Participant: 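Here you go, one structure.
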Amino acid sequence: MTQEYFIKDENKLSNNISDLPENKNVILLSAIYSGEDQKVLLKFYDPDLEVIYFWKDRTNHKPYCYTKIEYKEKAEEIIKKEPKYNILPTKKNDLISDKEIDVIKIVAPDPLSIGGTDNSIREKITAWEADIKYHENYLYDNALIPGTYYYRKNDNIYQYKYEIDPKIRNKLYELIDNNNLDLLDTKTINYNYYISQWVNLLNQPIPDLKRIAIDIEVESEEGRIPHPRDHDKTVTAIGLAGSDGFRKVYVLNKDSNEKNAFISEAEVVETEKELILAAFKDIKNYPIIITFNGDDFDLPYLYMRAQDPRIDPLNKEIIKKEDIPIVVKRDTFIKRGMQAEPVNLKHGIHIDLFRTFQNRSIQIYAFNHKYAEYTLNAISESLLNDHKIEFEGDISDLPIHKLAEYCLKDADLTLGLSTFNDNLLMKLLIVISRISHLPIDDVSRFGVNQWIRGMLYFEHRQNNFLIPRRDELISKGVSSTTAIIKEKKYRGGLVVEPKLGIHFNVVVVDFASLYPSIIKVHNLSYETVNCSHLSCKNDPEQQIPETTHWICKRRRGLTSLLIGSLRDLRVRYYKQLSKDKTTTTDYRQLYEVISQAIKVILNASYGVMGAEIFPLYCLPVADATAAIGRVTTTRTIEKCKQIGIEVIYGDTDSLFLKNPSSAKVKEISEWARTQLEVDLEIDKTYRYVVFSDLKKNYLGVLEDGTVDVKGLTGKKSHTPPFIRKAFYKILEILKEVNSEKDFQKAKENIKKIIRIYANDLETGKIHPSELSFNVMVNKSPDRYGEKTNNSKVKSIDGKNIDFITYKGLPQHIKAAMLLHQSGREIKAGDIISYVKTKTNDGVKPVDLLRNINEIDTEKYLEAMESTFDQLLSALNYNFQSILGKDRQSNLDELFWSKK
DNA sequence: GCGGACTGCTTACCT
DNA sequence: ACAGGTAAGCAGTCCGCG
């Protein structure tokens with residue numbers, strides 16, 4: 001294993017022996033800006049030697065931004081004073097006005113001259129494209145796409161195009177519904193062009209990335225978490241787990257008499273300096289390192305601690321910066337205790353999985369909501385079916401042979417999260433890099449809005465479109481609908497009132513990617529909604545129903561093209577290919593990953609248009625999308641009525657059809673395809689569905705007996721376990737129901753279960769842990785009970801100040817405060833387990849409950865009642881006549897019949 | 001002084 | 001830290017009421 005790619009200069013990444021060899025196919029993974037060199041450094045991965053090469057820009061590319069011609073004098077004035085800037089007249093396409101305009105390009109020697117200081121150009125003049133990170137600018141301008149292949153020849157980098165299997169390519173002709181699909185690269189920017197580009201980009205092979213996971217243990221006092229800022233606590237162990245099977249844990253000797261057997265991977269060292277150096281040496285053999293929260297803890301701690309003389313008690317020698325493989329951008333940030341920035345590696349790339357798994361899009365769309373908490377243990381349990389090593393007491397009291405096992409296990413789990421399911425996560429990151437045109441380490445840390453931003457910015461640059469300023473987009477108008485929820489900006493999806501009761505043979509149909517389809521079909525994009533053409537504005541055909549917006553008919557919108565082509569590729573091409581048995585398993589997996597990555601992007605594409613943090617935020621686009629969505633659903637319901645299908649429920653993009661014939665389902669789907677240009681597909685068929693009168697609350701049993709529960713309290717995570725258990729027992733019974741007759745028997749059994757549980761509750765047979773409500777603390781605990789009043793109050797010195805009132809605290813926070821008083825640290829994201837009591841404030845943390853008599857049984861009966869009523873109200877509806885009496889609460893009735 | 005109607009806050013869920 | 005819509009429970013306020 002060669003180490004020649006490791007660069008020795010202090011905090012500096014430069015071209016030297018590590019330079020990219022010529023004519024070798026390597027994959028671009030990342031790009032960073034090097035302040036020392038005032039250049040962008042590209043990081044290429046060599047799948048062959050499994051190393052990363054750095055490549056310093058040799059094109060003399062410089063940071064820049066634009067201003068419009070009306071600010072010309074101002075720009076000239078600035079460069080007269082500050083000759084470091086250069087100005088260059090040029091032309092750009094302005095999408096907002098749909099005109100080619102003259103602009104002035106302002107070129108600077110370094111990114112900070114553009115933005116980031118009080119003295120930057122964007123603070124002095126109305127500037128365009130001045131907020132884009134320089135390394136991103138560099139990638140866009142050179143059409144460099146992370147996740148794809150390149151080779152070097154002399155001083156230039158060239159794209160390496162993988163030949164795509166002609167058979168696979170030809171499937172496009174079959175699957176994409178377009179007669180004159182032109183697969184040749186063309187300079188005309190149209191739908192075919194994008195389809196072709198995406199396929200060229202996405203079908204390239206994904207290499208394995210050699211990597212190592214690292215986890216450190218640090219001595220700590222009780223109740224105080226060690227912080228890199230202080231770096232006063234000893235690093236006691238460092239665990240390492242490589243994707244090549246390498247496993248090692250270094251532990252600091254603290255008790256030379258310990259005779260316990262160590263795991264074979266353990267190595268005991270005598271000083272902390274040796275410990276850290278040993279780990280650094282191993283790390284340097286890997287181009288990529290993986291951590292869990294390494295940005296905020298492990299890596300900055302190692303970085304700071306390595307330079308602390310306490311690691312070498314005898315000689316007081318620190319590890320010199322040049323021997324530390326970690327790059328911390330601004331260590332002053334750590335010193336002030338602020339949130340750390342991404343931590344880089346001198347010789348490679350660092351991916352912090354904590355950030356990636358926190359990403360909501362990754363959590364929900366890539367991992368189907370399988371994990372709920374963002375801890376290494378919780379995520380490992382859900383995804384790997386494995387967990388951290390458990391121990392009693394304080395970690396600092398562990399004997400070192402146990403500490404070694406514990407630490408190595410953490411490294412194993414961290415690596416495992418990146419390797420499970422055939423390296424799914426790494427593959428997803430690479431594919432999202434390709435789509436978003438962002439470095440893989442940025443993708444792993446950024447939210448979905450930045451992924452989509454990257455995709456759109458890249459295309460703007462490719463087409464010489466001027467990226468609009470936020471104020472230009474705001475001036476395109478506001479929403480013209482009113483939201484149902486106060487504080488929301490516009491109206492969203494339509495929810496159909498469910499028909500109470502039990503319904504047999506229910507077919508659920510839904511529109512495939514409804515919002516992306518609408519964006520495609522209706523040409524929605526920031527420049528096409530409320531466009532600048534009077535002819536479009538005044539054309540009745542171009543008006544968007546339910547709103548005051550109109551759509552351009554003169555040109556295709558960029559967002560519409562990009563989202564539309566991705567949607568079609570996913571629905572018609574990649575989904576099919578991933579199931580195509582005529583290709584190899586490897587290929588099918590690749591297509592499955594691509595399909596998932598596209599799904600993540602598509603699912604967020606509408607949402608970001610209505611999100612302020614999105615730089616191309618445009619309310620009319622989001623407003624229009626949702627409005628057309630409601631019209632689509634409403635018109636389909638009307639058509640159903642017309643042809644005699646009963647619609648018993650629907651939510652946003654789905655409709656529940658009661659016992660429809662397959663011919664009628666086909667008819668309605670065909671109608672939607674031709675009239676609305678959306679794909680209406682059968683999602684699933686229920687043997688029966690039980691609706692209460694509540695929206696987003698139902699239970700359905702599929703043909704195979706699987707029970708689908710949506711929204712019911714019995715399923716919710718905060719519901720006490722004993723109620724949840726009773727609830728799931730009831731589901732077991734309902735699973736067996738096949739016909740209306742079966743319900744009678746089922747109901748008797750349900751009664752029995754409820755009685756048993758209620759009785760156990762009243763006789764105190766249920767363990768307090770089974771009684772706990774489990775509720776998450778969603779924000780920093782000190783921010784509860786704080787509410788700013790609208791009224792301004794005059795303070796003593798006569799100034800108006802905001803008057804802050806403190807209101808009552810939610811129950812889980814009351815419990816959290818009690819826990820805090822007993823010495824437990826409470827932070828955002830923690831789940832508080834509490835029981836309801838007759839004493840004090842009515843709550844007590846379950847861990848602090850000493851006397852079972854404090855439990856407020858009445859409250860638990862109420863909780864049972866409301867939980868089960870959601871089901872019983874629907875069941876009773878049909879059985880009311882059999883019982884022949886008015887019911888009070890459904891639960892009361894059960895008790896009444898018991899006596 | 002008390003209860004019901006109401007609002008606001010918070011969480012968890014659905015699409 | 002992508003959107004809006006719905007449900008539920010709790011805390012507090014307003015208002016009527018001989």
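Bear in mind that the values here come from a model prediction, so they are computed numbers and not experimental data.
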Participant: Distance check needed: B/dA12 P versus A/Asn774 CG, whole Å only.
Facilitator: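 Value for this atom pair: 10 Å.
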
Participant: For A/Ala622, which contact category applies under a 4.0 Å heavy-atom criterion: base, sugar-phosphate, or nothing?
Facilitator: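 If one applies the 4.0 Å heavy-atom cut-off, A/Ala622 turns out to touch nothing in the nucleic acid.
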
Participant: Mark yes or no for whether A/Ser772, through its side chain, and A/Val846, through its backbone, hold a donor-acceptor pair below 3.5 Å.
Facilitator: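 No, the answer is negative, given that no donor and acceptor are paired below the 3.5 Å cut-off.
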
Participant: Could you go step by step and tell me if A/Asp352 and A/Phe357 meet the side chain to side chain contact (heavy atoms under 4.5 Å, CB included) rule?
Facilitator: CA-CA 9 Å; A/Asp352 181 349; A/Phe357 281 100; over 6 Å; no

Participant: Can a salt bridge be assigned to the pair A/Arg567 and A/Asp679 using a cut-off of 4.0 Å between side-chain N and carboxylate O?
Facilitator: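 Result for this pair is yes, salt bridge flagged.
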
Participant: Using distance alone, with no hydrogens and no angle criterion, decide if A/Ser595 and A/Arg570 have a side-chain donor and acceptor under 3.5 Å apart.
Facilitator: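 There is such a pair between these side chains.
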
Participant: Starting from the C-alpha separation in whole Å, work towards a yes-or-no answer on side chain to side chain contact (heavy atoms under 4.5 Å, CB included) for A/Val508 and A/Ile682.
Facilitator: CA-CA 6 Å; A/Val508 182; A/Ile682 293 183; over 6 Å; no

Participant: List in chain and number order the residues that pass side-chain hydrogen bond (donor to acceptor under 3.5 Å, both in side chains) with A/Tyr490, two or more places apart in sequence or in another chain; answer none if no residue qualifies.
Facilitator: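 Counting only residues at least two positions away or on another chain, A/Tyr490 forms a side-chain hydrogen bond (donor to acceptor under 3.5 Å, both in side chains) with A/Tyr606.
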
Participant: Quick one: label A/Gln870 by what it contacts on the DNA or RNA (base, sugar-phosphate, nothing), any heavy atom closer than 4.0 Å.
Facilitator: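 Sugar-phosphate, backbone atoms only, no base.
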
Participant: When you measure from the side chain of A/Glu381 to the backbone of A/Ala378, do you find a donor-acceptor pair of N or O atoms at a distance under 3.5 Å?
Facilitator: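 Flag not set: sc A/Glu381 to bb A/Ala378 has no pair under 3.5 Å.
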
Participant: Whole angstroms only, please: what is the CG-P distance between A/Asp623 and C/dA3?
Facilitator: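 Taking CG of A/Asp623 and P of C/dA3, I get 15 Å after rounding.
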
Participant: Is it the case that the side chains of A/Glu373 and A/Thr375 hold a donor-acceptor pair, with the cut-off being a distance below 3.5 Å and no angle test?
Facilitator: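 Judged by distance alone, the side chains do not pair up.
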
Participant: Starting from C1' on B/dT15, measure out to CG on A/Asn368 and report it in whole angstrom.
Facilitator: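 Whole-Å distance recorded here is 15 Å.
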
Participant: For B/dT10 and A/His812 - does any side-chain N or O of the residue sit under 4.0 Å from the phosphate oxygens OP1/OP2?
Facilitator: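 So the side-chain polar atoms of A/His812 never come under 4.0 Å of the phosphate oxygens OP1 or OP2 of B/dT10.
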
Participant: Tell me every residue that passes side-chain hydrogen bond (donor to acceptor under 3.5 Å, both in side chains) with A/Ser513, counting only those two or more places apart in sequence or in another chain.
Facilitator: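 Per chain and number, A/Ser513 pairs via side-chain hydrogen bond (donor to acceptor under 3.5 Å, both in side chains) with no residue.
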
Participant: What contact category does A/Leu694 fall into here, base, sugar-phosphate, or nothing, at under 4.0 angstrom with non-hydrogen atoms?
Facilitator: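 Here A/Leu694 touches the backbone only, sparing every base.
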
Participant: Would you kindly give the NZ-to-C1' distance between A/Lys859 and C/dA8, to the nearest whole Å?
Facilitator: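 To the nearest whole Å, that distance equals 14 Å.
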
Participant: Check each residue of residues 486-498 of chain A for a non-hydrogen atom within less than 4.0 Å of any atom in DNA chain C, then write out the ones that pass by number, or none.
Facilitator: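 Listed by number, they are A/Lys488, A/Lys489, A/Tyr490, A/Arg491, A/Gly492, A/Gly493, A/Val495.
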
Participant: How close do A/Tyr374 and A/Phe354 get, counting heavy atoms only, and between which atoms?
Facilitator: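 In this case the closest contact between A/Tyr374 and A/Phe354 is O-CE1, 3.2 Å.
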
Participant: What are the residues of residues 513-526 of chain A, sorted by number, that bring a heavy atom to within less than 4.0 Å of DNA chain B?
Facilitator: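 Nucleic-acid contacts, sorted: none.
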
Participant: Please tell me if A/Tyr649 has a side-chain N or O lying less than 4.0 Å from either OP1 or OP2 of B/dT15.
Facilitator: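 For B/dT15, neither OP1 nor OP2 has a side-chain N or O of A/Tyr649 closer than 4.0 Å.
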
Participant: With a 3.5 Å cut-off and no angle check, do the side chains of A/Thr481 and A/Asp623 form a donor-acceptor pair?
Facilitator: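 Yes, because at least one side-chain N or O of A/Thr481 sits under 3.5 Å from a partner of the opposite role on A/Asp623.
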
Participant: Among C/dG5, C/dA11, B/dT15, find the nucleotide with the atom closest to the side chain of A/Ala483.
Facilitator: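 Shortest atom-to-atom distance from the side chain points to C/dG5.
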
Participant: For residues 707-723 of chain A, which residues have at least one heavy atom under 4.0 Å from DNA chain B?
Facilitator: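 The stretch gives A/Val709, A/Lys710, A/Gly711, A/Lys715, A/Lys716, A/Ser717, A/His718 as the residues lying under 4.0 Å from the strand, ordered by number.
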
Participant: Please report, rounded to the nearest Å, how far the P atom of C/dC2 is from the CE atom of A/Met455.
Facilitator: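 After rounding, the gap between these two atoms is 15 Å.
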
Participant: Take atom CZ of A/Arg630 and atom P of B/dT15, then tell me their distance rounded to the nearest Å.
Facilitator: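 The distance from CZ of A/Arg630 to P of B/dT15 comes to 18 Å, rounded to the nearest Å.
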
Participant: Please list each protein N or O that sits under 3.5 Å from an N or O in nucleotides 3-5 of chain B, with the distance.
Facilitator:
none

Participant: Using the P atom on both, measure C/dC2 against B/dC9 and round to a whole Å.
Facilitator: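 These two P atoms come out 23 Å apart once rounded.
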
Participant: Just checking A/Asp510: base, sugar-phosphate only, or nothing, at a heavy-atom cut-off of under 4.0 Å?
Facilitator: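 Here A/Asp510 touches no strand at all.
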
Participant: Reckon A/Thr652 has a side-chain N or O less than 4.0 Å from the OP1 or OP2 of C/dG4?
Facilitator: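 For C/dG4, OP1/OP2 do not have a side-chain N/O of A/Thr652 under 4.0 Å.
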
Participant: State whether A/Asn778 places a side-chain N or O below 4.0 Å from either non-bridging phosphate oxygen (OP1 or OP2) of B/dT11.
Facilitator: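 For B/dT11, OP1/OP2 do have a side-chain N/O of A/Asn778 under 4.0 Å.
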
Participant: May I ask you to say what A/Tyr698 touches in the nucleic acid, namely base, sugar-phosphate or nothing, with a heavy-atom cut-off under 4.0 Å?
Facilitator: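 The answer is sugar-phosphate, as A/Tyr698 gets under 4.0 Å only of primed atoms, P, OP1 or OP2.
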
Participant: To the nearest angstrom, how far is A/Met609 atom CE from C/dG4 atom P?
Facilitator: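 Going from A/Met609 (CE) to C/dG4 (P), I get 14 Å.
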
Participant: With a cut-off of less than 4.0 Å, is there a side-chain N or O of A/Lys814 near OP1 or OP2 of C/dA11?
Facilitator: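 Answer is yes, contact under 4.0 Å.
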
Participant: For the pair made of CZ in A/Arg445 and C1' in C/dA1, what is the distance, rounded to whole Å?
Facilitator: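 Interatomic distance, CZ of A/Arg445 to C1' of C/dA1: 16 Å.
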
Participant: Using the six-membered ring wherever Trp is involved, compare the ring planes of A/Phe458 and A/His437 and label them parallel, tilted or perpendicular (cut-offs 30° and 60°).
Facilitator: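 Rings of A/Phe458 and A/His437: parallel, as their planes differ by under 30°.
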
Participant: Which label fits A/Tyr698 and A/Phe691: parallel for a plane angle under 30°, tilted from 30 to 60°, or perpendicular past 60°?
Facilitator: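 The arrangement is perpendicular - the two ring planes meet at more than 60°.
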
Participant: For B/dC13 and A/Lys695 - does any side-chain N or O of the residue sit under 4.0 Å from the phosphate oxygens OP1/OP2?
Facilitator: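 Looking at the OP1 and OP2 atoms of B/dC13, neither is under 4.0 Å from any side-chain N or O of A/Lys695.
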
Participant: Going by the angle between their ring planes, with limits at 30° and 60°, are A/Tyr686 and A/Phe656 parallel, tilted or perpendicular?
Facilitator: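 Because their plane-to-plane angle is under 30°, the rings of A/Tyr686 and A/Phe656 count as parallel.
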
Participant: Do A/Thr713 and A/Gln870 have side-chain N/O donor and acceptor atoms under 3.5 Å apart?
Facilitator: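 On atom types as modelled, these side chains qualify, holding a pair under 3.5 Å.
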
Participant: Within 45 degrees of the ring normal and closer than 6.0 Å to the centroid, is that where the cationic atom of A/Lys836 sits relative to A/Phe773?
Facilitator: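 The answer is yes, since A/Lys836 meets both limits relative to A/Phe773.
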
Participant: 5'-most contact on DNA chain C: A/Asn603 or A/Ile484, nearest heavy atom basis?
Facilitator: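 Going by which nucleotide is closer to the 5' end, it is A/Asn603.
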
